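Everything below concerns the one structure shown next.
Here the structure is a predicted model, which means the values were calculated and not measured. Counting begins at 1 with the first residue of the sequence.
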Amino acid sequence: MTKMMTVLKAWEFLSENQLQTVSFRKRKESLAQDLVLLCEENGVSLNDAALLDIIYTQFHWHQRVWDVFQMAKEPGEDIDLSDMEQFKSSFKKILQRALKNVTVTFRDAEENAVWIRIAWGTQYRKRNQYKPAYVMYYSQTPYAFISFSQLRSNTPLLCQALTIASKHHQIVKMDLRSRYLDSLKAIVFKQYNQNFETHNSATPLQERRLGLDINMDSRIIHENRIEKDRVQRVTQDIFGDYSQPRLEFAQYKLEIKFKSDLNGGILAEREEPLRCLVKFSSPHLLEALKSLAPAGIADAPLSPLLTCIPSKGMNYFKIKHK
């Protein structure tokens, strides 16, 4: 209930006196009815409700999946220092001209960022306010973070509006996705050395790793202190001594033709490449990878395909012959 009060206060629609009349110990149904009555007293509008939904999403962004998009200007073109109000106006006009049945709501955030909520409709259906798309865009940067609604057919229109309103010429979807928006921002803006918010984890990872080292040291970790120091040094050189951005998976799609020094064989005659999909999953993948070598589970250093995720800004990889 404390989180609910935080969201309602950030909304600034209900007065402090009105919030004090609400009993947050009631059942959810009764509590919701009380809040609805207060909102009706204040003449709540669709835009007010949309702002509340944005604020809720800002506090609970980990409940959605976020994709990263990168925009680009023409070679040699200067950065256009357009203001945020101009961006908002242009973005909204582009969507509403192309699709009459759409609701666009903005909320400014820190560091010249803006949150955008888009409720899509169609020619025959009204706008679906329960399944909107969300965009977080940082002014004067080429990056946008998008959480799509189920109506994916409007993705090209959304990307077009972002590109034109921000005065870029093209936009591409990066091979980077996660529920943890702060980690995605840290990766694309190269800001790794910070604390990342965690969810659904009863025990901090460092504590779990410490227990793993103690329990498995006698059986797995090499007794040679020099080797242990080398592993620790290599691991720190690769991952640093700070917490890693939080990603849940990394996916590798392989399309490689079979090669062999031996002549003949079924695979040697195969024209089509061998296809394979490998996926690594973990509640905190990069921290899990960082702990492998010190725990004696893997050799140090790890494969660059695993350690390059933050530097390349990718957790989807396609591996083919050059």
Side-chain angles (χ1 to χ4, degrees), residues 45-58 61 64-123 125-178 181-182 184-191 313:
S45 66
L46 180 59
N47 187 67
D48 295 323
L51 283 173
L52 176 61
D53 195 28
I54 292 177
I55 294 168
Y56 177 86
T57 303
Q58 288 177 312
W61 38 253
R64 304 181 68 94
V65 178
W66 299 88
D67 289 290
V68 185
F69 285 74
Q70 184 175 20
M71 296 172 282
K73 293 183 178 291
E74 291 290 348
E77 186 177 5
D78 293 334
I79 297 176
D80 193 313
L81 300 177
S82 57
D83 60 36
M84 186 62 79
E85 294 306 314
Q86 185 179 354
F87 167 82
K88 292 179 189 176
S89 176
S90 177
F91 181 87
K92 190 170 185 177
K93 285 179 181 177
I94 293 168
L95 289 186
Q96 291 182 337
R97 284 173 184 168
L99 187 64
K100 301 294 184 182
N101 206 5
V102 61
T103 300
V104 183
T105 310
F106 301 95
R107 187 172 193 265
D108 293 332
E110 77 292 342
E111 299 174 348
N112 296 318
V114 62
W115 283 71
I116 312 171
R117 179 186 186 272
I118 306 110
W120 302 102
T122 66
Q123 184 178 354
R125 294 183 180 180
K126 63 182 181 180
R127 289 158 283 194
N128 191 337
Q129 300 292 344
Y130 295 98
K131 296 180 180 179
Y134 285 93
V135 179
M136 188 182 188
Y137 170 65
Y138 279 84
S139 177
Q140 317 307 334
T141 78
Y143 297 105
F145 306 87
I146 303 177
S147 179
F148 290 103
S149 65
Q150 292 183 346
L151 197 60
R152 293 275 181 150
S153 59
N154 290 320
T155 300
L157 177 58
L158 173 56
C159 290
Q160 181 186 32
L162 272 172
T163 306
I164 296 174
S166 62
K167 300 186 177 181
H168 289 86
H169 286 329
Q170 66 176 359
I171 185 170
V172 294
K173 182 177 179 294
M174 296 177 63
D175 295 319
L176 183 62
R177 169 187 282 192
S178 177
L181 189 55
D182 60 341
L184 294 177
K185 291 188 293 182
I187 288 173
V188 298
F189 295 136
K190 307 299 182 184
Q191 299 170 337

* Asked: So which of Val135, Ile146, Asn154, Thr103 actually passes side-chain contact (heavy atoms from CB on, under 4.5 Å) with Ile118?
  -> Val135
* Nearest 0.5 Å, what's the OH-CG distance between Tyr130 and Asp53? -> 10.5 Å
* If you look at every heavy atom in Thr141 and Tyr138, which pair is closest and at what distance? -> OG1-O, 2.8 Å
* To do: Please name the pair of heavy atoms, one in Leu184 and one in Leu176, separated by the smallest distance, quoted to 0.1 Å.
  => CD2-CG, 3.6 Å
* Of the non-hydrogen atoms in Leu99 and Gly121, which two are nearest, and what is the gap between them? -> CD2-O, 3.6 Å
* Quick one: CD on Gln58 to OH on Tyr134, what's the gap to the nearest 0.5 Å? -> 9.5 Å
* Hey, could you give me the NZ/CZ distance between Lys100 and Arg127, rounded to the nearest 0.5 Å? => 12.0 Å
* Asked: Is the centre of the Phe87 ring less than 6.0 Å from the centre of the Tyr137 ring?
  -> yes
* **Nearest heavy-atom neighbours spanning Ser166 and His168** => OG-ND1, 2.9 Å
* To do: Grab the two heavy atoms, one from Met174 and one from Gly313, that are nearest each other, plus how far apart they are.
  => CE-O, 3.6 Å
* To do: Could you please spell out the steps behind the side chain to side chain contact (heavy atoms under 4.5 Å, CB included) verdict for Phe106 and Lys92?
  => CA-CA 10 Å; Phe106 301 95; Lys92 190 170 185 177; 4.2 Å; yes
* Taking side chain as C-beta onward, heavy atoms only, is Leu46 less than 4.5 Å from Gln129? -> yes
* Asked: Which heavy-atom pair separates Lys185 from Phe145 by the least distance, and what is that distance?
  -> CG-CZ, 3.6 Å
